[in-house]
There are 2 protein chains.
Amino acid sequence: MNTAVNAKQAGAAGNPGPGAPKTARGARTRARILKAAEDTFGTLGYHRAGISDITRAAGVAQGTFYTYFAGKEEILRELVRDMGHQVRAHLAAEIVDARDRLEAEEKGLRAFLQYLFENPSLYRVLQEAQFVDESIYRDYYEAFGKGYLRMLANATRKGEIRAGNNEVRVWALMGMSNFLGLRYALWERDVPFDEIVDTIADLFRNGLTLDGKEKAS
Amino acid sequence: MNTAVNAKQAGAAGNPGPGAPKTARGARTRARILKAAEDTFGTLGYHRAGISDITRAAGVAQGTFYTYFAGKEEILRELVRDMGHQVRAHLAAEIVDARDRLEAEEKGLRAFLQYLFENPSLYRVLQEAQFVDESIYRDYYEAFGKGYLRMLANATRKGEIRAGNNEVRVWALMGMSNFLGLRYALWERDVPFDEIVDTIADLFRNGLTLDGKEKAS
DNA sequence: CAACAATATGACAACTGATTCACCTTTCCG
DNA sequence: CGGAAAGGTGAATCAGTTGTCATATTGTTG
């Protein structure tokens, strides 16, 4: 069936799908469906959302969905990759002018909280993807973590942060952001982002205990 | 539509279900089904797992399931509450003899990683519950966080940790543990738990930056 | 513009899986 | 012991889904 068309544009990011759009109209429709899927998965959740919900939101017929996506799972995969790109690009832009690692962490955390607040679908789509196909989720966090790790390595080299296992730190930091975002950006905005950022910055600067750096015993 | 007007809001903290067992045999069967659900949800996931999978694993007929549980969603709720009790009890026992907060954090993190490794179902069941009914998940973490907060407040009073927003810290700490557990206890055990604990303990003692300790608020 | 390719439609076949129910079996207790 | 309550059974029902297909519309091109 759709196997006919290949050998064209297949190498972009790895996923050609049943038929990549070959027309401006097709590209537009595909994009509309993808956006509709984001909204629908975001509010109804992956499992409760039917293809019909997505196509209705996109204003196309059900059959049209299968012109561009092999099925529900594939559009989720596509979606997470897209959204991952966006967050990473956004966060990268927000911290680009930080003067040191601590400032980058502060800006990054604030930007992440804000982004999550403005794009709540990201959380749900990503987390649900974990149990649809774990590799989607792992890819996301491994991509994220890889960039993060590079930044920490640089900071270590520059003497901005203490030597230590940066890989473990990366996962700890991503976990912190994730939970803080869920609790304070999605569930309840009862604590200003600035206070959250200050609390975490204090942890980075001074630790949690009282007898930290100064004490030489 | 599954929206329905189900009698969900029944018992906040004592859900009896359709029929609480009135016999030793009944209690045993109910327990078998609950355990089977834990295993089945843990390996197949909530959505892929059918009632028939659960009853088969429990060695009972499909109809028996409904003698004790109103449906798939209710057994999940029950399960998370059960598992929550268990983790909290386990962790509490593990840190009871810690001499100060830092030691409690170290023991707690290590115990959590170990527990997750030995009970991988906990992670999946809990995380999936989030999107079946958010309140299940919130209840779990709010219960967890409440106890955690109390401990941090005590530590603050005793002067073991710096003053700061302990509620925000609690969510940051829970997030850290969660991600570290996922990555290093469930996905790949390529870093010994001791090293993870040491890395985090160092963060708590000294922070992340080299030049801490100057500014005290 | 004619012919062809790409897109779009929407009804529906095929399937999945939760829940029900009429009917047995076991246990309890006077 | 005997009958009632509790426990257990599994085939049948039933609601909801995905993915398909024959057909119609739109666009592209020689």
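In this text the structure is predicted, and so the values were computed from the model without any measurement. Only this structure's heavy atoms are used, side chains among them; waters, hydrogens and symmetry mates stay out. Each chain gets a letter, A, B and so on, in the order its sequence line appears, and its residues count up from 1.
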Practice prompt. Please test B:Phe112 against B:Leu180 for side chain to side chain contact (heavy atoms under 4.5 Å, CB included), starting from the C-alpha separation and ending with a verdict.
Written response: CA-CA 10 Å; B:Phe112 179 72; B:Leu180 291 172; over 6 Å; no
Worksheet item: Taking atom P of D:dG7 as reference, at what distance in whole Å does atom CZ of B:Arg30 sit?
Response: 12 Å
Worksheet item: Do A:Tyr184 and A:Phe179 have ring centroids that are under 6.0 Å from one another?
Response: no
Worksheet item: Phosphate oxygens OP1/OP2 of D:dG7: is one of them under 4.0 Å from a side-chain N or O of B:Thr67?
Response: no
Item to complete: Between protein and nucleotides 22-30 of chain D, map the contacts as a letter string: B base, S sugar-phosphate only, - none, heavy atoms under 4.0 Å, written 5' to 3'.
Response: ----SSS--
Worksheet item: What orientation do A:His90 and A:Tyr115 show, parallel under 30°, tilted 30 to 60°, or perpendicular over 60°?
Response: tilted
Discussion item. Do A:Asp39 and A:Ser121 pair up side chain to side chain, a donor and an acceptor below 3.5 Å, judged on atom types alone?
Written reply: no
Item to complete: Spell out protein contact along nucleotides 18-23 of chain C as letters: B when the base is contacted, S when just the sugar-phosphate is, - when no protein heavy atom is under 4.0 Å; keep the 5' to 3' order.
Response: SBB---
Worksheet item: Whole-Å distance between C:dA8 C1' and A:Phe69 CZ?
Response: 15 Å
Worksheet item: Do you see a donor-acceptor pair shorter than 3.5 Å between the side chains of B:Gln130 and B:Glu134?
Response: no
Discussion item. Of the listed nucleotides (C:dT7, D:dT9, C:dT9), which one gets closest to any side-chain atom of A:Tyr68?
Written reply: C:dT7
Worksheet item: Which word best sums up how the rings of A:Phe69 and A:Phe65 line up, parallel for under 30°, tilted for 30 to 60°, or perpendicular for over 60°?
Response: tilted
Worksheet item: Is the ring centre of A:Tyr46 less than 6.0 Å from the ring centre of B:Phe131?
Response: no
Worksheet item: Once you build an axis from the first five pairs and another from the last five of the helix from C:dC1-D:dG30 to C:dG30-D:dC1, how far apart in angle are they, to 10 degrees?
Response: 10°
Response to the item:
From CZ of B:Arg32 across to C1' of D:dG8 the rounded distance in Å is 11 Å
Discussion item. Would A:Arg189 and A:Phe117 count as a cation-pi pair here, with the cationic atom under 6.0 angstrom from the ring centre and within 45° of the axis?
Written reply: yes
Worksheet item: Any Lys/Arg nitrogen of A:Asp190 or A:Arg183 sitting under 4.0 Å from an Asp/Glu carboxylate oxygen of the other?
Response: yes
Worksheet item: Does the pair B:Arg99/B:Glu103 count as a salt bridge with the N-to-O cut at 4.0 Å?
Response: no
Fill in: Aromatic plane relationship, B:Tyr148 with B:Phe144 - under 30° parallel, 30 to 60° tilted, over 60° perpendicular
tilted
